[in-house]
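Here the structure comes first, spelled out in structure tokens, and everything after it is commentary.
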Amino acid sequence: MSLKLYNTLTRKVETFEPLGGNKVRIYVCGVTIYDRCHLGHARALVIFDLLYRFLKDKGYEVDFVRNFTDIDDKILSRAQEEKVSWKEVVQRNLHAFQEDFKDFGLLTPMVEPRATEHIADMIHLIELLMQKGVAYASDGEVFFSVKKFPAYGKLSGQTLEELRSGTRVEVNPKKKDPEDFVLWKASREGEPSWPSPWGPGRPGWHIECSAMSLKYLGSPFDIHGGGTDLIFPHHENEIAQSEGATGKLFSQFWIHNGMVTLQSEKMSKSTGNLTRVQEILKKYPAEVARFFLLTAHYRSPLEFSWELLEQAEKAVSRGYTALKSLREGLEEDQLPDKIQDLLPLQNIWQRFEGALDNDLNTPVAIAVFFEAVKAIHQAFANSKRISHSSHQPIFEEAQKGFRKIASILGAFEKDPNDYFQKSRLTQTSLTDSEIHAQIRLREEARSRKDWKQADIIRQKLYDEGIVLEDTPKGTIWKINF
RNA sequence: GGCGGCGUACCCAAGUGGCUAAGGGAGCGGUCUGCAAAACCGCGAUUCACCGGUUCGAAUCCGGUCGCCGCCUCCA
């Protein structure tokens with residue numbers, strides 16, 4: 001099975017083959033830490049995390065780099081607004097990032113470089129660009145000369161003229177051509193600055209990603225990722241800088257994820273049209289958010305609403321319910337003696353992998369998972385459970401497949417009981433033992449057929465966010481999301 | 001204006017030339033249950049924005065129309 005990915009550079013789905021044998025090198029643009037992250041950031045993080053997991057599973061040795069932009073105009077203006085130091089803004093939002101994403105199942109990248117820790121690398125790169133004659137200094141600033149790089153526009157599919165016609169920003173008079181972009185900025189009074197051959201200043205936005213990716217991955221490397229909104233100008237400029245400096249191809253694949261929308265409009269920090277990760281985690285486990293982000297293909301826009309998140313939660317619960325039956329059936333050696341339809345349970349991993357091989361088609365991959373979930377439910381609902389079921393090998397195989405799938409999705413990895421009972425803090429103030437005490441009281445009421453009292457207890461728990469289910473094995477409880 | 005993409009059931013979402021148009025959620029009827037919940041069974045798009053065309057055959061290819069979105073400015 002070979003992985004096919006849509007390459008923005010060629011605008012085609014292409015078979016992915018690493019440049020360096022078994023080694024895959026990926027660079028993904030991370031976030032600028034001037035504010036709390038919203039769901040759009042989460043989507044990019046989750047999608048590239050899935051790709052990372054999938055490549056590792058295929059046996060590749062993956063060098064995965066994801067940066068933090070910790071110096072730029074927004075950070076400075078935020079610091080000014082709040083009358084705190086820019087370092088404080090950075091530190092606070094870095095903590096917030098870690099807090100927001102700690103339960104998202106994001107694998108730790110090989111390196112998470114920060115721009116401010118690579119100033120020297122950027123200066124070197126700029127010097128190299130100056131030597132090559134594609135960059136020029138002007139009054140303490142350094143610009144990249146776009147017309148010296150003939151391939152400019154190859155990623156965004158636009159010619160220089162086309163890009164020019166759309167120019168809406170006022171032109172910095174220090175530039176020779178309006179499309180030139182800044183590599184190094186002169187610092188103003190009170191702004192952070194680093195010494196450089198062109199005077200004290202700070203790096204432009206694009207140069208950090210070139211410097212850090214080239215440093216940790218070399219070039220060419222395999223995959224460069226980020227949101228579609230980064231294609232122009234950020235990634236276009238990265239290509240210009242990196243290829244201009246090295247004379248070599250920068251990245252062979254460019255993968256871009258679609259935007260998360262809110263009321264059909266792109267989520268964006270600058271417009272305030274957003275839902276923060278933090279808000280979502282108050283109502284749902286991170287796992288539900290992660291699952292939700294994978295329900296659409298990564299290149300499509302994904303509309304967020306609380307109703308859609310609720311739908312995702314229902315789906316996750318359904319999955320866990322099946323995993324719970326399967327797990328307990330195997331543990332207790334009480335498995336169905338009949339299975340109506342074996343197909344959905346066979347080769348689930350292969351079919352799941354096949355879906356992801358097709359340009360990371362997570363909706364199909366998830367559908368494969370749910371076909372198997374349904375088959376488990378059917379078997380357990382429509383057949384007697386016996387010990388030493390002749391179907392045990394099939395169920396064991398299915399469980400292995402589920403585990404493998406879960407390890408790629410980064411969801412359904414928990415003990416189902418933990419998912420149902422511990423996956424978030426509810427509004428409930430009740431402790432485990434208090435809930436069990438209530439359940440025991442209700443059991444007593446039920447045993448004397450005092451249905452009224454039993455229902456009062458159940459309703460009381462329901463009001464506390466706890467749902468009871470009476471099963472043949474006794475009453476169990478779940479958090480009601 | 002340029003570039004890219006989308007429009008599939010009540011909602012979300014796959015399918016990119018040919019088995020009965022996946023999967024999830026909601027709804028309705030039924031089974032189970034003291035009642036619920038969960039789960040199961042059944043129902044639900046003769047149809048894929050619209051109009052033409054190509055083809056033995058199209059949601060899938062081509063042309064046009066309408067509507068929506070992203071980028072062209074900081075942005076995942």
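So that the names make sense, note that chain A is the first sequence line, chain B the second, and so on, each numbered from 1. Computed from a predicted structure; not experimentally measured.
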Worksheet item: Expressed in whole Å, how much space separates the P atoms belonging to B/rU16 and B/rC61?
Response: 10 Å
Fill in: Atom-to-atom span, NE2 of A/H234 to P of B/rC71 - whole angstrom
15 Å
Worksheet item: At under 4.0 Å between heavy atoms, what does A/S300 touch on the DNA or RNA strands: base, sugar-phosphate, or nothing?
Response: sugar-phosphate
Worksheet item: When all nucleic acid strands are considered with a 4.0 Å heavy-atom cut-off, which category describes A/L468: base, sugar-phosphate, or nothing?
Response: base
Discussion item. In whole Å, I'd like the distance from the CD atom of A/E179 to the C1' atom of B/rU73.
Written reply: 14 Å
Fill in: Short N-O contact, A/D35 and A/R276, less than 4.0 angstrom
yes
Worksheet item: Could you give the distance from CZ (A/F68) to CE (A/M212), rounded to the nearest 0.5 Å?
Response: 10.5 Å
Fill in: Same-atom distance (P) from B/rG25 to B/rC41, integer angstrom
13 Å
Item to complete: Determine the contact category for A/Q378: base if any of its heavy atoms lies under 4.0 Å from a base atom, sugar-phosphate if only primed atoms, P, OP1 or OP2 are that close, otherwise nothing.
Response: sugar-phosphate
Discussion item. Using the side-chain heavy atoms of A/N382, tell me which of these nucleotides is nearest: B/rG4, B/rC40, B/rA38.
Written reply: B/rC40
Fill in: Duplex segments of RNA chain B, taken as runs of at least three Watson-Crick or G-U pairs that stay under 3.5 Å
B:1-7 with B:66-72, B:10-12 with B:23-25, B:27-31 with B:39-43, B:49-53 with B:61-65
Can you tabulate the close N/O pairs, meaning under 3.5 Å, that link protein atoms to atoms of nucleotides 23-25 of chain B?
residue	atom	partner	partner atom	Å
B/rG24	N2	A/Q311	OE1	2.7

Fill in: Cation-pi check, A/R66 onto A/F48 ring (under 6.0 Å, within 45° of axis)
no
Worksheet item: Is any side-chain nitrogen or oxygen of A/N358 closer than 4.0 Å to OP1 or OP2 of B/rU16?
Response: no
Worksheet entry | Separation of the P atoms in B/rG52 and B/rU47, to the nearest angstrom | 15 Å
Item to complete: Report the distance from atom CG of A/N480 to atom P of B/rA38, rounded to the nearest whole Å.
Response: 10 Å
Worksheet item: In terms of heavy-atom contacts, does CD of A/Q263 have more than 12 from other residues, nucleotides or ligands at under 6.0 Å?
Response: no
Worksheet item: Between B/rA59 and B/rC48, how far is it from one P atom to the other, in whole Å?
Response: 7 Å
Item to complete: Calculate the interatomic distance between A/L230 atom CG and B/rU73 atom P; express it in whole Å.
Response: 14 Å
Worksheet item: Is a donor-acceptor pair below 3.5 Å formed from side chain A/S270 to base B/rC74, judging by atom type as modelled?
Response: yes
Fill in: Sole residue of A/F395, A/W349, A/F369, A/F370 in ring pair (Phe, Tyr, Trp, His ring centres under 6.0 Å) with A/F402
A/F369
Item to complete: Could you work out the separation of B/rC50 and B/rC66 based on their P atoms and round it to a whole Å?
Response: 16 Å
Practice prompt. Could you check whether A/E303 gets within reach of a base, just the sugar-phosphate, or nothing at all, counting any heavy atom under 4.0 Å?
Written response: nothing
Worksheet item: Which nucleotide in the set B/rC72, B/rC40, B/rA76 lies at the smallest distance from any side-chain heavy atom of A/A381?
Response: B/rC40
Practice prompt. Tell me what A/G226 touches on the nucleic acid: a base, only sugar-phosphate, or nothing, going by heavy atoms under 4.0 Å.
Written response: sugar-phosphate
Worksheet entry | Closest nucleotide among B/rA39, B/rA76, B/rA37 to the A/V467 side chain | B/rA37
Fill in: No-H, no-angle donor-acceptor pair, A/D470 side chain to B/rC35 base, under 3.5 Å
yes
Worksheet item: Quick one: do A/D415 and A/R327 make a salt bridge, cutoff under 4.0 Å?
Response: yes
Worksheet item: Under 4.0 Å between a Lys/Arg side-chain N and an Asp/Glu carboxylate O for A/R458 and A/D455?
Response: yes
Discussion item. Just to be sure I understand the rule, does A/H38 reach a base, reach only the sugar-phosphate, or reach nothing, if contact means heavy atoms closer than 4.0 Å?
Written reply: base
Fill in: Under 3.5 Å: donor-acceptor pair, side chain of A/R351, backbone of A/P344
yes
Discussion item. Distance check, C1' atoms only: B/rG53 and B/rG67, in whole angstrom units.
Written reply: 23 Å
Fill in: Interatomic distance where CZ belongs to A/R446 and P belongs to B/rA37 [whole Å]
14 Å
Practice prompt. Quick one: label A/S268 by what it contacts on the DNA or RNA (base, sugar-phosphate, nothing), any heavy atom closer than 4.0 Å.
Written response: base
Fill in: Spacing of the P atoms in B/rA37 and B/rC32 (rounded, Å)
15 Å
Worksheet item: Thinking salt bridges, do A/K185 and A/E141 make one under a 4.0 Å N-O criterion?
Response: no
Practice prompt. Name the nucleic acid region contacted by A/G258, choosing base, sugar-phosphate or nothing; use a 4.0 angstrom heavy-atom cut-off, strictly under.
Written response: base
Discussion item. Heavy atoms only, 4.0 Å cut-off, all strands: where does A/S156 land among base, sugar-phosphate and nothing?
Written reply: sugar-phosphate
Fill in: Results of side-chain hydrogen bond (donor to acceptor under 3.5 Å, both in side chains) for A/R440 - residues two or more places apart only
none
Item to complete: Give one of base, sugar-phosphate or nothing for A/R442, where a contact means two heavy atoms less than 4.0 Å apart.
Response: base
Discussion item. Tell me the interatomic distance from A/E161, atom CD, to B/rG2, atom P, rounded to whole angstroms.
Written reply: 15 Å
